Amino acid sequence: MTKWAILSGIEGNLKAYEAVMADIKRQSRFVEALYILGDVVGPTKESEELVERVRNPRLGELEPLVCKGWWEEQCLILHGLGATGEPTELIAKYGGETVKLLWDSVSRQTVQWLRNLDFGFFELDCLLIHGTTVSVSEELTLLTSPIQMLDRLSRMQANNLFCGRSGLTFQYQLQTGSITTQVTTLDYQPSPQTINVSPRQVIGVGNVGRTLGEATYTLYNPNTNQVEFRTVRYGDKKGFGVKNKKSESFVKIQNVISEG
């Protein structure tokens, strides 16, 4: 049974990463690929050691495929290599103290490595990305509208979108339906256009490092389209578990709302 292990949001938490890697190793004969969807680093003193660990897998471990996340983007901005000149989003969200912590936690050498990371990956019919194709900062959740979800999937013609920005584990399915659109101007009224929608889904892959003592990640079988959310506990409460997809983290949208 072939599976992908999909992580996001390590945020410099080395203990959490080690716990997840140990869990993956227990099932290594089933896992053929390892993806890290951004936020490898964070404003922690372990970020440098964490990057070194990711870049140098141990014997028997998979070579991870890593793309940029929100924290990587903030590092690039701080070093004058980002899309904007000032870390306004970072300051607004966490304040000036965190800006200094991030600057002190990630070396210039590591920033050069971050600079060369991919924005995302497209494998088979799956898009794996930290945020969305619109922005690394954009969060998709169970509250996101079906129209917005469909737009983010359609931009890359993906049937499955895996994202990590929200830090949540969820499975959001768009069932077969249609969208009817019509644009009317003062001098022209075209016939409505109907777009048929095939079943697609958006998967929130969880967060490895944000919650101390508990890491979440996702296993995906590309042959059966099966999604499995795993929770790994480390530190005082060690162990692991599987989140049932029928819990509150799972939602189906039976019909896509028509828009006029």
Side-chain angles (χ1 to χ4, degrees), residues 3-76 78-79 81 98 101-121 123 128-131 136 162-165 167 169 205-220 229-241:
K3 295 181 180 180
W4 300 348
I6 309 172
L7 287 56
S8 185
I10 307 169
E11 299 182 10
N13 189 334
L14 184 58
K15 290 182 180 178
Y17 183 70
E18 294 288 10
V20 169
M21 291 304 293
D23 189 51
I24 293 173
K25 189 174 183 179
R26 281 191 286 269
Q27 352 168 33
S28 58
R29 64 192 181 100
F30 300 115
V31 181
E32 70 164 9
L34 173 60
Y35 295 93
I36 301 178
L37 307 187
D39 282 1
V40 173
V41 301
T44 71
K45 62 182 181 180
E46 291 184 321
S47 285
E48 284 293 310
E49 189 176 355
L50 191 281
V51 169
E52 185 68 17
R53 176 72 174 86
V54 168
R55 296 182 67 182
N56 296 280
R58 292 172 182 164
L59 184 65
E61 292 181 348
L62 293 165
E63 182 83 29
L65 297 169
V66 187
C67 68
K68 289 187 181 76
W70 188 83
W71 283 109
E72 282 78 37
E73 183 65 24
Q74 302 314 305
C75 285
L76 294 177
L78 287 179
H79 287 262
L81 301 172
T98 300
L101 280 172
L102 185 61
W103 176 269
D104 293 339
S105 300
V106 182
S107 69
R108 181 75 181 185
Q109 181 180 0
T110 295
V111 168
Q112 291 300 326
W113 177 73
L114 301 178
R115 186 183 188 183
N116 293 320
L117 294 178
D118 292 310
F119 186 71
F121 307 103
E123 300 288 346
L128 302 100
I129 197 168
H130 180 72
V136 73
F162 295 86
C163 55
R165 177 68 192 129
T169 52
V205 301
N207 185 279
V208 172
R210 189 176 302 167
T211 303
L212 294 180
E214 183 176 294
T216 56
Y217 75 101
T218 297
L219 291 176
Y220 174 67
F229 300 127
R230 295 188 68 83
T231 300
V232 181
R233 295 177 180 87
Y234 58 96
D236 294 335
K237 298 181 179 180
K238 296 180 180 179
F240 65 92

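Side chains included, hydrogens not; waters and symmetry mates left out as well; all remaining heavy atoms used. Since we're looking at a predicted model, the values are computed, not measured.
- For Gln112 and Asn116, the side-chain atoms include no donor-acceptor pair closer than 3.5 Å.
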Derivation and outcome, side-chain contact (heavy atoms from CB on, under 4.5 Å), residues Ile24 and Tyr217: CA-CA 10 Å; Ile24 293 173; Tyr217 75 101; 3.6 Å; yes
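- Atom-to-atom distance recorded for Asp39:CG and Trp70:CH2 is 8.0 Å, nearest 0.5 angstrom.
- Atom CD1 of Ile6 and atom CG of Leu219 lie 8.0 Å apart (nearest 0.5 Å).
- Smallest separation of non-hydrogen atoms from Asn207 and Gly9: OD1-O, 3.2 Å.
- Separation of atoms OG (Ser47) and CG (Leu101) is listed at 10.0 Å; rounding is to 0.5 Å.
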Pair Ile129-Phe119, side-chain contact (heavy atoms from CB on, under 4.5 Å): steps then yes or no: CA-CA 7 Å; Ile129 197 168; Phe119 186 71; 3.4 Å; yes
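- The distance from atom CG of Leu7 to atom CZ of Phe162, rounded to the nearest 0.5 Å, is 13.0 Å.
- At least one side-chain heavy atom of Val111 sits under 4.5 Å from a side-chain heavy atom of Leu76.
- Nearest heavy-atom pair across Gly12 and Thr44 is O-OG1, 3.3 Å.
- Residues Trp71 and Val106 form no side-chain contact, since every pair of their non-hydrogen atoms from C-beta on lies 4.5 Å or further apart.
- At least one side-chain heavy atom of Gln27 sits less than 4.5 Å from a side-chain heavy atom of Arg230.
- With contacts defined as side-chain heavy-atom distances shorter than 4.5 Å, the pair Met21/Glu61 qualifies.
- Within the 4.5 Å cutoff, no side-chain heavy atoms of Thr216 are placed close to those of Phe229.
- Counting heavy atoms from C-beta outward, Leu62 and Pro57 have side chains that stay 4.5 Å or more apart.
- With hydrogens and angles left out, the side-chain atoms of Thr110 and Glu48 include a donor and acceptor closer than 3.5 Å.
- Taking CH2 of Trp4 as the reference point, atom CD of Glu32 lies at 7.5 Å (rounded to 0.5 Å).
- Closest approach of Pro43 to Ser105, counting heavy atoms only: C-OG, 3.7 Å.
- Ion pairing between Arg53 and Glu18 holds under the 4.0 Å rule for side-chain N and carboxylate O.
- Distance NZ/Lys45 to CG/Leu14: 12.0 Å, rounded to 0.5 Å.
- No side-chain donor-acceptor contact under 3.5 Å links Tyr234 and Asp23.
- Tyr17 and Ile10 make their closest contact through CD1-CD1, 3.5 Å (heavy atoms, listed as atom of the first residue, atom of the second, distance).
- Looking at Leu37, Ile36, Leu117 one by one, the single match for side chain to side chain contact (heavy atoms under 4.5 Å, CB included) with Cys67 turns out to be Leu37.
- No donor-acceptor pair under 3.5 Å is formed between the side chain of Glu73 and the backbone N or O of Lys68.
- Contact detail for Ser8 and Val205: the closest heavy-atom pair is CB-CG2, 3.8 Å.
- Judged purely by atom type and a 3.5 angstrom limit, Asp118 has no side-chain atom pairing as donor or acceptor with the backbone of Gly120.
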Worked check of side-chain contact (heavy atoms from CB on, under 4.5 Å) between Val208 and Asn13: CA-CA 8 Å; Val208 172; Asn13 189 334; 6.0 Å; no
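- In this structure, the side chain of Glu214 does not engage the main chain of Thr211 through any donor-acceptor pair within 3.5 Å.
- By the 30° and 60° cut-offs, the orientation of the rings of Trp103 relative to His79 is parallel.
- When every heavy atom of Val66 is checked against every heavy atom of Val40, the shortest pair comes out as CG1-CG2, 3.7 Å.
- Between Val51 and Val41, some side-chain heavy-atom pair lies under the 4.5 Å cut-off.
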